[in-house]
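Just below is one structure, and these are the notes that go with it.
The basis for the numbers below is simple: all heavy atoms, side chains too, and nothing from hydrogens, waters or symmetry mates. Position 1 is the first residue of the sequence; numbering continues from there. Numbering of ligands and ligand atoms starts at 1, following listing order. Predicted model only: the values in this text are computed from it and were never measured.
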Amino acid sequence: MLESVLIANRGEIACRIIRTAQRLGMRTVAVYSEADAGALFVQMADEAHPIGPPPARESYLQIDRIIEVAKRTKAASIHPGYGFLSERAEFAEACAKNGIVFVGPPASAIKAMGLKDAAKALVQQAQVPVVPGYHGSKQEPDFLRQKAYEIGYPVLIKAVAGGGGKGMRRVEKAADFDAALESAQREAQNSFGDPRVLVEKYILSPRHIEIQVFADGHGNVVHLFERDCSLQRRHQKVIEEAPAPGMTPEMRQGMGQAAVEAARAVGYVGAGTVEFIADGREGLRPDRFYFMEMNTRLQVEHPVTEAITGLDLVELQFRVASGEKLPFSQDDLAINGHAVEARLYAEDPEKEFLPSTGKLWALEFPEGEGIRIDTGVEAGAEVTPFYDPMIAKVIAHGATRDEALTMLADALGETVVAGPRTNAAFLKKLCEAEGFRAGQFDTGFIDRNLESLGAGPQPADDVAVSFGAAALISREIDRLRMSELQKSDEPSSPWSAPDGFQLLGVRSVGVPLLVDGERAEAREVFSTEHQGASTVAFGSSDPWADEQVDREIDAPHGVYVLRNGRQTLVQPYDPFDVDLEHMDEGGSVKAPMHGKLIAVFVLPGERVEKGQRLAIVEAMKMEHVLVAPSNAEIAEIAAEPGAQVAEGARLIVLKTEE
Ligand code: ADP
Ligand code: ADP
Ligand code: MG
């Protein structure tokens, strides 16, 4: 076995790789950016070395610096994880040049599969069915529009250098083609430094089914069955499972064989995933699946394959990288039960899934047979805006699909996160959704069911607000008691005014609150004192008597209340504590999140109409279009395109028309 490994990654996948490496007796070396100095993977590794400032470009993507650390620490190998440098051929080459084993395929295989157009052409030659479309080199809009017409709408425009669902646009009709092309090319240029695209048929009722392949350096290639990753949002996976519902042995055999052929065609070694799109209109059919791309690395969702095969894919990666043969052949492999993974993200489904950063005031996961949690953070850590905001992968393995889904839904329900908003409740609803449960779904399932999945604005959770307010008042009473004991003078604020909080006996007060940052109405609160201890509750006739919340988590700035997987932050509101700097006096357009201002479409003095596009902010792999909130005149453009902007930063000042 290899003596040591440097992990050129961060977060949950770095932790996951370290765990296996340590079990195999390998020395582990972490590299980290300034933002990750206190991270879990840094603590877990045997040694850790800083490689630069928070932006990935200046740290995790710095090939020279990472190689330098590997040489200095005499690391025998480098594991790139997923994302970052994992699919960069020049990184694999740099490892080879310096006598370091790259735990991944040969650079030539990465290169061959790196661009979607070339990859399609290549596997086509190996008789693997590909999505019909144009994947040649011509890029003129007129030509591509003509091709789209020939392919037949709807079509999908894809960045050839794409990844992570970026640079992809579905186009319904010819009239929309040019705008979609322009925006796909711009996103491709910004994200990958390569504007080229291909155009392919948009497969109807698409099911994303991928095959895990494994190859050793001795000519053995096997597949480890399929994963179904059809539950997606914005072309990104949300829930993944293995095996795929509705899969027949015949189709599995056909897809597995095609994937093995694709891997052989590029001389593949190690773990790889061949992604197919299947036409699911009449259920899965062996003649209706098409190659999309090959990911030449470990995949985010590899744990579901590990669950049903009983294998440790990272261990296999190390074994193959050190020259060992695969310890099994295709016939030795069998599927055991069913596994499902959910990606728990720090994002807010109620606000268009915007990433939600900040400190994790609480973080707890359930434990139990068949439940696996892969995470890279712990309570007290910060979710920063610099990287993918994934908090954890929650994986359930059961005897049947139904059992696994029930286990996963329960596990999500028992997961506690306070601070950043998460998609936990949304994921739980997904696991329980009827159509999905019945195996009737495709990649459009989430978009079609957003409302019933609880995505989009929701009314405040009154019960949670009440419990939160009660907790705050109890806290205030305790504080007043303490200060009375200490005979200190409290500064006056509505939250310490005597008539509000000398709550002896039963009485009601109006409480000024902030609920999730919004000013909320005052509510009636009753406090009873009994034998020196006060209980605070809402309504003596008690509409809430039967209600319960899951958890209350105290933070210095307020109380996080968790109920039915949803988080409500209740804070005392102090009207004298107004943030003048961020007050919105005449109307201004602010950055919805930390990100990069990539385009401004208007000029000072210009008149704009309500709903008109003003600018685009790119953050966390997505473009956010900012529109005029009302008819107005542009008074000022407060930031330059290209600038990094902070959440809430004023970008455009508007003079609103009467
Ligand atoms: P998977 O099928 O494994 O989810 P993705 O293409 O979605 O594959 O990407 C895997 C991970 O790599 C994602 O979680 C994403 O954060 C990261 N990733 C994808 N593309 C990029 C990129 N261009 N730069 C950095 N990270 C990326
Ligand atoms: P990426 O490199 O971003 O992962 P993919 O080519 O794998 O790009 O596509 C991402 C997702 O987009 C797929 O999982 C699938 O849901 C959808 N998709 C891709 N190609 C097609 C297609 N031709 N028809 C329908 N959906 C597609
Ligand atoms: Mg893909």
Worksheet entry | Whether Phe445 and Phe436 hold their rings parallel, tilted or perpendicular, with breakpoints at 30° and 60° | tilted

Worksheet item: Of Arg169, Arg234, Lys166, which meets salt bridge (charged side-chain N to carboxylate O under 4.0 Å, His left out) against Glu187?
Response: Arg169

Worksheet item: Per the salt bridge (charged side-chain N to carboxylate O under 4.0 Å, His left out) rule, which among Lys393, Arg343, Arg227 passes with Glu240?
Response: Arg343

Enumerated ligand 2 atoms positioned under 4.0 Å from heavy atoms of [X]:
X      : result
Glu200 : 20 (N), 21 (C), 22 (C), 23 (N)
Gly162 : 2 (O)
Gly165 : 1 (P), 3 (O)
Lys158 : 6 (O), 19 (C), 20 (N)
Gln232 : 11 (C), 13 (C), 14 (O), 15 (C), 16 (O)
Val131 : 23 (N)
Ile277 : 15 (C), 26 (N), 27 (C)

Item to complete: Taking atom types as modelled, find out whether Gln257 and Glu261 have a side-chain donor-acceptor pair closer than 3.5 angstrom.
Response: yes

Worksheet entry | Apex the Mg ion (ligand 3) - arms OE2 from Glu293 and OE1 from Glu275 - angle rounded to 10° | 90°

Fill in: Glu210 N/O/S atom closer than 2.8 Å to the Mg ion (ligand 3)
no

Consider every N or O of [X] and every N or O of ligand 2, then say whether any pair is closer than 3.5 Å.
X      : value
Thr443 : no
Met168 : no
Met292 : no
Ile203 : yes

Practice prompt. List in chain and number order the residues that pass ring pair (Phe, Tyr, Trp, His ring centres under 6.0 Å) with Tyr60, two or more places apart in sequence or in another chain; answer none if no residue qualifies.
Written response: Phe84, Tyr387

Worksheet item: For Phe441, is the NZ or CZ atom of Arg207 found under 6.0 angstrom from the centre of its six-membered ring and inside 45 degrees of the ring axis?
Response: yes

Discussion item. Do Arg170 and Tyr202 form a cation-pi contact, if we require the NZ or CZ to be under 6.0 Å from the six-membered ring centre and within 45 degrees of the ring's axis?
Written reply: yes

Response to the item:
With heavy atoms and a 4.0 Å threshold, my read on which part of Lys201 contacts ligand 2 is backbone

Fill in: Region of Leu156 that comes within reach of ligand 2 [heavy atoms, distance under 4.0 Å]
side chain

Discussion item. Show me the pairs that pass ring-ring contact (aromatic ring centres under 6.0 Å, His included) and involve residues 239-286, at least two apart or across chains.
Written reply: Phe276-Phe289

Fill in: Gap separating the CZ atom of Arg233 from the CD1 atom of Ile239, nearest 0.5 angstrom
13.0 Å

Discussion item. For Glu451, is the CD atom crowded, meaning more than 12 foreign heavy atoms sit under 6.0 Å from it?
Written reply: no

Worksheet item: At a 4.0 Å cut-off, with the gap strictly under it, does some heavy atom of Lys116 reach an atom of ligand 2?
Response: yes

